[in-house]
Each structure stands twice: as structure tokens, then as C-alpha cells.
Protein chains: 2
Amino acid sequence: MRRRPCDPPGHDGRRPLWDDDPTAMAELSSDPGEPTRRPQPGRRNALSMLAPVERHTVQQRVYLELRRSLIEGQFAAGEVMRIQDVASRLGTSTMPVREALGRLVSEQALEPLPNRSIRVPLLTRERLDDLAAARRLIEGEAVRLAVRRLTADDIAKLRRITRGYDELTAGEEDHGHRAIYNHAFHFGIYRAAGSKVLLPIIESLWLQTGPFIRASASLYDGADGLSATHHHWRIIAALEERDGEAAAAALGEDVERAFELLRDRLAHDEAETPT
Amino acid sequence: MRRRPCDPPGHDGRRPLWDDDPTAMAELSSDPGEPTRRPQPGRRNALSMLAPVERHTVQQRVYLELRRSLIEGQFAAGEVMRIQDVASRLGTSTMPVREALGRLVSEQALEPLPNRSIRVPLLTRERLDDLAAARRLIEGEAVRLAVRRLTADDIAKLRRITRGYDELTAGEEDHGHRAIYNHAFHFGIYRAAGSKVLLPIIESLWLQTGPFIRASASLYDGADGLSATHHHWRIIAALEERDGEAAAAALGEDVERAFELLRDRLAHDEAETPT
DNA sequence: GGCTGTAAAGTTTGATCAAAGATCAGAAGT
DNA sequence: ACTTCTGATCTTTGATCAAACTTTACAGCC
């Protein structure tokens with residue numbers, strides 16, 4: 001009943017979101033879909049300074065777009081993703097969409113139903129606790145690894161990002177932008193950990209928590225008298241002293257705080273709709 | 001030079017490996033491709049004892065077959081996977097294969113090259129250390145979680161599996177079967193941890209170490225005077241005493257031992273071929 | 001009136017096909 | 001003899017199409 005069978009794809013009022021949309025997220029994130037390595041800045045060779053040619057496949061763009069939307073919390077939990085809907089909304093055929101959806105399913109970002117349809121997973125209390133524990137465990141380890149490898153330059157970058165977040169918080173109420181800054185801060189650290197194994201795992205965990213990041217961000221401010229970036233500044237301080245345990249502890253509290261608020265909200269929702 | 005362009009698919013001498021091949025792995029593993037939940041044995045209701053109807057999609061079977069082959073170490077590191085080759089070898093068209101390969105890529109089990117071809121990742125020393133650390137961290141946590149939830153029945157099952165492994169070791173030299181028993185033992189524990197978040201992560205880690213499990217198993221026996229299941233028995237003992245730390249430590253040593261041997265082998269190989 | 005069986009619409013899955021890109025071999029030029 | 005260009009072959013990617021499967025709606029029956 002919500003389908004329009006003969007829609008000319010890509011012309012239903014929404015622009016294909018990726019064309020010329022180099023968001024901060026895209027720049028600051030780790031580009032998980034592109035396995036080509038960037039040249040190390042340590043080398044002096046002019047050739048090694050060349051970035052690999054950007055390869056645009058449609059599937060890549062669909063995947064990145066869906067991924068970004070998920071992390072920013074654009075999709076509601078439990079929402080069913082229909083291939084043709086997504087395809088026409090993004091202005092492509094179904095083929096790239098179905099591959100991107102399959103990819104997100106195997107990253108646990110989406111959930112296949114026995115009906116063969118695909119939906120954004122519901123976040124139950126159990127799953128929430130599971131995710132919180134996993135994130136504390138794995139991201140904590142990533143911070144410990146990063147402590148030894150972060151350069152002064154990296155830390156300065158983290159400061160800039162956090163300052164940007166603070167200014168954003170003082171001003172408007174754009175949750176999407178907050179999510180982007182939060183993402184940039186955390187992954188700036190995780191990427192410095194230098195683990196090609198842990199990083200994709202953490203990305204998957206963020207995708208799984210994604211549908212609720214927005215809810216978290218909107219609840220975060222001042223809920224306990226602490227500013228949104230309180231824990232971020234503590235993490236930076238610990239990183240500067242090369243104190244891995246303190247940094248991991250502060251990060252654990254940062255994660256825990258976000259999930260604590262989500263837990264409350266979830267308990268509230270479940271009490272309201274005891275389906 | 002190894003391609004035969006007009007091969008009738010599925011009739012090149014190899015049987016499609018999945019038809020009526022209920023291996024121990026298939027039975028003992030967690031069926032990650034099938035999200036339907038089995039009925040809890042705790043309920044007395046007759047309806048809840050019904051297993052969900054098996055749903056066979058071709059992609060599912062291709063995926064499971066490739067996955068099994070990878071974990072058992074049937075593919076050499078660096079081997080390029082061509083869609084049409086795999087399709088004709090498995091007796092299907094290219095479509096299910098390309099979706100299965102895409103799925104394995106996003107689980108980090110396979111690696112996309114800039115050429116857009118897909119290969120089994122090379123295992124470098126760096127990657128090996130990365131994987132070892134990640135496995136100790138995450139599987140250790142899974143064991144700690146499992147300690148509180150394992151029933152006496154579960155532990156008895158672990159004993160049976162380990163005894164089966166011992167008997168296998170005494171007898172023939174079938175690495176595939178050893179890998180299956182080893183897999184069954186570990187995942188018997190991890191599944192009991194009850195974390196729907198950690199389990200897929202561990203599966204992905206095993207897929208990444210897969211190409212070398214065979215090498216590990218062949219090197220394992222008697223390399224240091226310990227039997228192959230020495231650590232497994234220690235883990236079982238710790239589980240019976242509900243000592244999570246001891247169990248995690250023993251598991252850490254089990255993982256570490258396998259990787260130690262791989263490290264030696266890798267150092268040897270790299271010394272031989274310093275490409 | 002409510003339940004059951006059947007038909008129709010819509011969706012996913014798998015196959016085939018065309019086009020773009022990559023690899024490799026051979027020819028031409030220095 | 002070595003490098004570079006070009007063409008042919010092979011591969012992946014994206015589109016279209018047919019078939020299997022779900023779901024929903026509707027009519028018939030108890």
C-alpha cells in the first residue's frame with residue numbers, strides 16, 4: 001500500500017544522497033569499504049604520496065549511504081528494509097542494494113527474518129547489555145593499544161574534534177552532526193591502535209548500536225550534570241599521560257553512560273508497550 | 001590456463017559437496033546463516049518442540065560450504081577466488097556465489113584486492129599477532145561468561161568431544177576431522193556464553209585464522225611434549241570448578257600455543273621466501 | 001459471524017545478459 | 001634487447017527477467 005509500482009527510479013523527490021556529499025563522517029571515518037591503503041606519511045618518496053584512485057562502484061556508494069544512515073540513527077528499530085524501496089529511494093537498480101543489504105546483514109547491522117525480509121534489529125534489554133559489555137571490552141583494549149602509538153599530532157586532532165563538539169552542543173540541536181563528531185573522536189583513537197582485526201569489529205559494534213545513537217545523543221546532555229564531552233576530555237588527558245588504564249577506564253565510563261541512558265529509555269518504552 | 005570456458009556446471013568430477021553431507025561441523029556449529037531460533041528444551045509445550053522448517057536457499061549452502069572449507073583450511077592463503085570457478089565447482093550459477101563471497105569479504109574471511117578480485121588473505125606476522133591478541137581477549141571473555149551458564153550436561157558434552165579428539169589423534173591423521181572436533185569444543189563453550197554479540201565476532205575470528213588451522217593442527221602434536229588436548233582438559237577442569245579466570249587463562253594458553261607454532265612456521269616461510 | 005481455502009499481488013531469489021574494467025600477450029618502436 | 005602501446009580475452013558489475021515463496025484479500029462454507 002505504500003508502494004508505487006512504476007516509479008521512475010531516483011526521482012521521487014529525494015536526491016541520491018551521495019553525489020558530492022563529502023561529509024565529515026566520510027572524511028574522518030576509516031572508509032571500511034575501500035581496502036586500498038593510503039600511503040604512509042612517513043615515507044619521503046613522492047610516488048608514495050599519491051592516494052589510490054577512488055573507485056566508485058554503485059554498491060559501494062549504496063553501502064556507505066546505508067551505513068551512514070544507520071550509524072546516525074536514521075532508521076527506526078524494527079523497520080523492514082525492502083530492496084525495491086531502497087533502490088528507488090537511492091536511484092539505482094535493485095542489484096547493488098541487495099548486495100549492500102546482504103553485507104550489512106553479515107555485519108550484524110541488519111537482521112534477516114524467517115520470512116526472508118530484512119529489518120533493523122530490535123534493541124532488547126538483553127542485547128543492549130550484550131553490546132555495552134562487548135564495546136567496553138573491545139574498545140577498551142583498542143584504547144590501550146592506541147596509547148603507545150598516538151602522536152602529539154593525533155592528540156591535537158582529538159582536541160580539535162572535541163572542541164568542535166562542544167561548540168556544536170552550545171549552538172544548534174543537530175543530532176546528525178553530533179553523531180559525526182562523536183564517531184570521529186572515537187575512531188580517531190581506534191584507528192591509531194593499528195589493529196586491522198579490532199577495527200572492523202568495532203565498526204560492526206557501532207553499526208549495531210547505531211539505531212540508538214541518536215536517542216543517546218539527545219538524552220545525553222546534562223542528564224547528570226556532566227557536559228556531553230566530559231568523558232572525552234578525561235580520555236584526552238589520560239592519553240596525554242600515556243596512561244592506558246586510565247584512558248580505558250574513562251572510555252568505559254563514556255560508553256557506559258550512553259548505554260545507561262539507553263537502558264532507562266528502553267525500560268520506559270517496554271513498560272509502555274508490553275507487547 | 002586453468003579455466004575451461006564451456007564446462008557444464010557441476011559436472012567436472014567433483015560432487016556438489018553439500019548434498020547429504022551432514023558433517024559433525026554442521027551439527028555442532030552454530031549455524032550462523034540461519035537466524036531462526038530453535039525451541040528451548042526447557043518448555044514442556046509440544047508446539048515449542050517443533051524445529052523450524054529447514055529453509056534451503058542456494059546462497060546459504062554455498063556460503064556454508066565455503067565457510068566450512070575455509071575453517072578447515074582447504075584454501076591456501078593468497079589464493080584468488082574467481083566467481084565462475086567456484087560456481088562451476090559447486091554446480092550453481094554465479095549469482096549465489098557472488099553473494100556468498102561478498103558476505104565472506106565483509107566478515108574479513110576474504111580480502112578484496114584493488115583489482116576487484118577476491119583472495120584468501122595472506123597471513124603476515126603482524127596480522128597473526130593481531131588475531132592472537134583479539135582471540136585471547138574476546139574468547140577469554142566468552143569463557144568467563146560461559147562459566148556461570150554451563151550445565152553439567154554441557155560439560156559432559158565437552159568431555160565427550162575432547163575424548164573423541166584424543167581417540168582421533170591416536171589413530172589416523174585426518175586434519176579436517178581434528179579441526180571439526182577442535183571447533184566443536186571451543187564453540188560448545190562460546191555458545192553457552194549466551195552472547196549474541198560476541199559469538200558472531202568469534203566466528204569471524206575463526207574464519208580469519210581458518211586458512212592456518214590445518215597447519216596448526218599438523219604442527220600441534222607433541223611439539224612440546226603436551227598432548228593436543230592438554231589445554232582442553234585443563235579448561236574443562238577449570239569450568240567444573242566454576243573458576244572463570246583459570247578457564248580463561250587455560251584457553252589463552254591454548255590459543256597462544258597454536259599461534260606460537262604458527263608464528264614459528266611463518267617466520268620460517270618468510271625467511272625462505274623474502275619477497 | 002467466524003473460519004478455511006483459494007486467488008492475486010508483491011517480494012525475494014536465482015539466471016542470463018550487456019557493459020565496463022583488468023590482465024595478458026604480442027607487435028611495434030627505440 | 002628492452003620498453004611501450006594495443007588488442008583480445010577474461011572478470012566483475014549492474015540490469016533485466018523468470019520462478020519460487022509470502023502475504024493479503026476475498027469468497028465460500030460451517
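Because only heavy atoms are used, hydrogens play no part in the values below, and waters and symmetry mates are left out as well, while side chains stay in. None of the values given here were measured: they were computed from a predicted structure. Every chain is numbered from 1, with letters handed out A, B, ... down the list of sequences.
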Practice task
Determine: side-chain N/O of Gln84(A) to OP1/OP2 of dT12(C), distance under 4.0 Å, yes or no.
Solution key: no
Any side-chain heavy atom of [X] within less than 4.5 Å of one from [Y]?
X	Y	result
Ile202(B)	His186(B)	no
Glu72(B)	His183(B)	no
Leu198(B)	Tyr190(B)	no
Phe75(A)	Ser69(A)	yes

Problem - NZ or CZ of Arg135(A) within 45° of Trp206(A) ring axis and under 6.0 Å - result: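 Judged by the rule, Arg135(A) and Trp206(A) form a cation-pi pair.
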Find the distance [X]:[atom1] to [N]:[atom2] and express it as a whole number of Å.
X	N	atom1	atom2	answer
Asp85(A)	dG10(C)	CG	P	12 Å
Arg116(B)	dA22(C)	CZ	P	6 Å
Tyr63(B)	dT13(C)	OH	P	16 Å
Ile83(A)	dT22(D)	CD1	P	15 Å
Arg82(A)	dT22(D)	CZ	P	16 Å
Leu113(B)	dT13(D)	CG	C1'	16 Å
Ile118(A)	dT11(C)	CD1	C1'	11 Å

Handout entry: Five-pair end axes of the helix from dG1(C)-dC30(D) to dT30(C)-dA1(D), angle between them (10°)
Key =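 Both end axes considered, the difference amounts to 10°.
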Exercise for the section: Starting at CG of Leu104(B), measure out to CZ of Arg67(B) and round the result to the nearest 0.5 Å. Expected result: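 Taking CG in Leu104(B) and CZ in Arg67(B), the distance rounds to 8.0 Å.
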Handout entry: Approximate separation, where rounding is to 0.5 Å, of Gln59(A) CD and Thr92(A) OG1
Key = 10.5 Å
Exercise for the section: Examine distances only and state if a side-chain atom of Glu79(A) and a backbone atom of Ala76(A) form a donor-acceptor pair shorter than 3.5 Å. Expected result: yes
Exercise for the section: Could you tell me whether a side-chain N or O of Ser204(B) sits under 3.5 Å from a main-chain N or O of Glu107(B), the two making a donor and an acceptor? Expected result: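 Present.
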Practice task
Among dT11(C), dT23(D), dT11(D), find the nucleotide with the atom closest to the side chain of Asn115(A).
Solution key: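 Comparing dT11(C), dT23(D), dT11(D) against the side chain of Asn115(A), the answer is dT23(D).
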Could you go over nucleotides 14-16 of chain C and give all protein N or O partners under 3.5 Å, atom names and distances?
{"unit_1": "dG14(C)", "atom_1": "OP1", "unit_2": "Val58(B)", "atom_2": "N", "d": "2.5"}
{"unit_1": "dG14(C)", "atom_1": "OP1", "unit_2": "Gln59(B)", "atom_2": "N", "d": "3.3"}
{"unit_1": "dG14(C)", "atom_1": "N7", "unit_2": "Arg98(A)", "atom_2": "NH2", "d": "2.6"}
{"unit_1": "dG14(C)", "atom_1": "O6", "unit_2": "Arg98(A)", "atom_2": "NH1", "d": "3.3"}
{"unit_1": "dA15(C)", "atom_1": "OP2", "unit_2": "Ser93(B)", "atom_2": "OG", "d": "2.0"}
{"unit_1": "dA15(C)", "atom_1": "O5'", "unit_2": "Ser93(B)", "atom_2": "OG", "d": "3.2"}

